[in-house]
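Structure record follows, encoded as structure tokens.
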Amino acid sequence: MIAPPASEVELLTRAHALAGLTLDALAGQLEEILPTAGLHAKGWIGTLLENALGADAGARPMPDFTQLGVELKSIPVGADGQPRESTFVCTAPVIVPPAMQWENSTVHDKLRRVLWIPIESGAQKFGARRIGWGFLWSPTPEQDTVLRYDWQELIDLIALGQWTQITARLGRYLQLRPKAAHGRTLRAAVDDSGTPNQTLPRGFYLRATFTHEILAAHLRAAHRQ
DNA sequence: GCGTGATCATCT
DNA sequence: AGATGATCACGC
């Protein structure tokens with residue numbers, strides 16, 4: 001158990017010390033056992049990085065580094081450097097509190113400041129994947145505007161109980177997708193006529209097209225240095 | 001069961 | 001091939 005970093009600089013320094021390491025190497029340092037690749041490894045890399053960097057949020061719905069307000073996201077990238085998957089942000093509420101606004105939403109909380117750490121993905125053996133160069137990101141004003149708009153559109157559908165209208169096709173940067181152990185998971189909700197019912201729990205995700213934009217912008221900025 | 005960490009598998 | 005909908009593992 002490593003203490004949480006005291007500053008963003010310390011966090012970034014820790015992250016950069018991991019760059020170039022394979023998962024095998026980092027797991028060895030932390031005395032953690034590599035999972036068998038593929039199906040049963042979902043989420044394992046993210047947890048490994050949390051442990052390596054001193055994240056302290058656990059499973060609470062708040063940024064991983066609670067004192068810094070920084071969220072950690074590992075992101076699988078192909079040989080081309082492009083994200084291979086969408087990025088889970090947080091669970092979506094099923095009952096929307098009347099006072100809920102973008103500014104006090106969990107999505108906003110988590111995306112306000114993110115430490116992105118690219119992870120090699122692709123055909124190689126799981127343990128041979130290398131950790132990339134992490135970088136801190138905050139939404140630009142333009143990105144924040146789109147995120148806010150997406151969030152409002154999606155949260156309105158939930159608040160109005162219009163579950164049948166909800167699809168992953170909605171949202172430019174943010175989308176809603178199922179987030180559950182399996183398809184039979186149900187959550188108490190209210191439908192669009194105000195009648196209590198049940199619905200599949202969903203989560204907010206960032207589209208890969210958006211995270212691609214984030215990574216590309218970072219690389220352009222880094223090249224100018 | 002719920003929220004965290006995500007990726008898998010199917011459809012278009 | 002890319003996006004959508006479904007699923008896997010862990011801690012509490």
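By convention in this document, chain letters (A, B, ...) are assigned in the order of the sequence lines, proteins followed by strands, and residues within each chain are numbered from 1.
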(message) Looking only at side-chain N and O atoms, does A:D24 offer a donor or acceptor that is under 3.5 Å from a partner on A:T22?
(response) no

Distance-only donor-acceptor hits, side chain of residues 50-57 of chain A, under 3.5 Å, sequence neighbours excluded:
residue : atom : partner : partner atom : Å
A:N51   : ND2  : A:E32   : OE2          : 2.9
A:N51   : ND2  : A:T47   : O            : 3.4
A:D56   : OD1  : A:T66   : N            : 3.0
A:D56   : OD1  : A:T66   : OG1          : 3.3
A:D56   : OD2  : A:T66   : OG1          : 2.7

(request) Report the residue (A:P201 or A:Y205) whose heavy-atom-nearest nucleotide on DNA chain B is the more 5′ of the two. (result) A:P201

(message) Under 4.0 Å, heavy atom to any atom of DNA chain B: which of residues 61-80 of chain A qualify?
(response) A:P61, A:D64, A:E71, A:K73, A:S74, A:P76

(message) For residues 87-105 of chain A, which residue pairs pass the side-chain hydrogen bond (donor to acceptor under 3.5 Å, both in side chains) check, not counting sequence neighbours?
(response) A:E103-A:R148

(message) Tell me which residues in residues 104-136 of chain A lie within less than 4.0 Å of DNA chain B, going by non-hydrogen atoms.
(response) A:K110

(request) With sequence neighbours excluded, give me every ring-ring contact (aromatic ring centres under 6.0 Å, His included) pair touching residues 15-37 of chain A. (result) A:H16-A:W133

(message) Rounded to whole Å, how long is the line connecting atom CG of A:L23 with atom C1' of B:dG5?
(response) 14 Å

(message) Using OP1 and OP2 only, check whether a side-chain N or O of A:R187 sits under 4.0 Å from B:dG3.
(response) yes

(request) Using chain A heavy atoms and a threshold of under 4.0 Å, write down where along DNA chain C the contacts begin and end, 5' to 3'. (result) C:dA3 to C:dA9

(request) List in chain and number order the residues that pass salt bridge (charged side-chain N to carboxylate O under 4.0 Å, His left out) with A:R113, two or more places apart in sequence or in another chain; answer none if no residue qualifies. (result) A:E8

(message) Both A:K42 and A:Q175 contact DNA chain C. Taking the nearest nucleotide for each, which residue is further toward the 5' end?
(response) A:Q175

(request) Give a yes/no answer on whether the side chain of A:R60 brings an N or O atom under 4.0 Å of OP1 or OP2 in B:dT4. (result) no

(request) May I ask you to list the residues of residues 82-95 of chain A, by number, that have any heavy atom positioned under 4.0 Å from an atom of DNA chain C? (result) none

(request) Measure the distance from CD on A:E50 to P on B:dG5 and round it to the nearest whole Å. (result) 6 Å

(message) Under the ring-ring contact (aromatic ring centres under 6.0 Å, His included) definition, can you give me all pairs with a residue in residues 56-81 of chain A, not counting sequence neighbours?
(response) none

(message) Donor-acceptor check, side chain of A:Q124 to backbone of A:S121, threshold 3.5 angstrom: yes or no?
(response) yes

(request) To the nearest 0.5 angstrom, please state how far the CD1 atom of A:I117 sits from the CD1 atom of A:I131. (result) 7.5 Å

(request) Decide if atom CZ of A:F126 counts as having more than 12 heavy atoms of other residues, nucleotides or ligands within a radius under 6.0 Å. (result) yes

(message) In whole Å, I'd like the distance from the CG atom of A:L49 to the P atom of B:dT4.
(response) 18 Å

(request) For A:R207 and B:dA6, give me the distance from atom CZ to atom C1', rounded to whole Å. (result) 18 Å

(message) Using side-chain heavy atoms (C-beta onward) and a distance below 4.5 Å, is A:V190 in contact with A:I95?
(response) yes

(message) We want to know whether A:Q175 and A:R177 form a side-chain donor-acceptor pair, criterion being a heavy-atom distance below 3.5 angstrom.
(response) yes

(message) In whole Å, I'd like the distance from the CZ atom of A:R202 to the P atom of B:dC2.
(response) 15 Å

(request) Could you check whether A:A59 gets within reach of a base, just the sugar-phosphate, or nothing at all, counting any heavy atom under 4.0 Å? (result) base

(message) I'd like to know whether CD of A:E153 has more than 12 heavy-atom contacts from other residues, nucleotides or ligands below 6.0 angstrom.
(response) yes

(message) Please check this pair: side chain of A:T195 against backbone of A:D191, looking for a donor-acceptor N/O pair closer than 3.5 Å.
(response) no

(request) Figure out the CH2/P separation between A:W44 and B:dC8, and round it to whole Å. (result) 15 Å

For residues 206-223 of chain A, which side-chain donor-acceptor pairs fall under 3.5 Å, sequence neighbours excluded?
residue : atom : partner : partner atom : Å
A:R207  : NE   : A:G171  : O            : 2.8
A:R207  : NH2  : A:A168  : O            : 2.6
A:R207  : NH2  : A:R169  : O            : 3.4
A:R207  : NH2  : A:L170  : O            : 3.3
A:R207  : NH2  : A:G171  : O            : 3.2
A:T211  : OG1  : A:A208  : O            : 3.1
A:E213  : OE2  : A:Q143  : NE2          : 3.4
A:E213  : OE2  : A:Y173  : OH           : 3.4

(message) If you take any heavy atom closer than 4.0 Å to DNA chain B, which residues from residues 176-185 of chain A end up in contact?
(response) A:R177, A:K179

(request) Using the side-chain contact (heavy atoms from CB on, under 4.5 Å) rule, pick out the option among A:Q29, A:R129, A:R130 that qualifies with A:L21. (result) A:Q29

(request) Any chance you could measure A:L147, atom CG, to A:D150, atom CG, to the nearest 0.5 Å? (result) 6.5 Å

(message) Regarding A:G43, tell me which of base, sugar-phosphate or nothing describes its non-hydrogen contacts under 4.0 Å with the strands shown.
(response) base

(request) Hydrophobic side-chain clustering at under 4.5 Å (ILVMFWY, transitive links): who's grouped with A:F88? Put none if nobody. (result) A:Y205

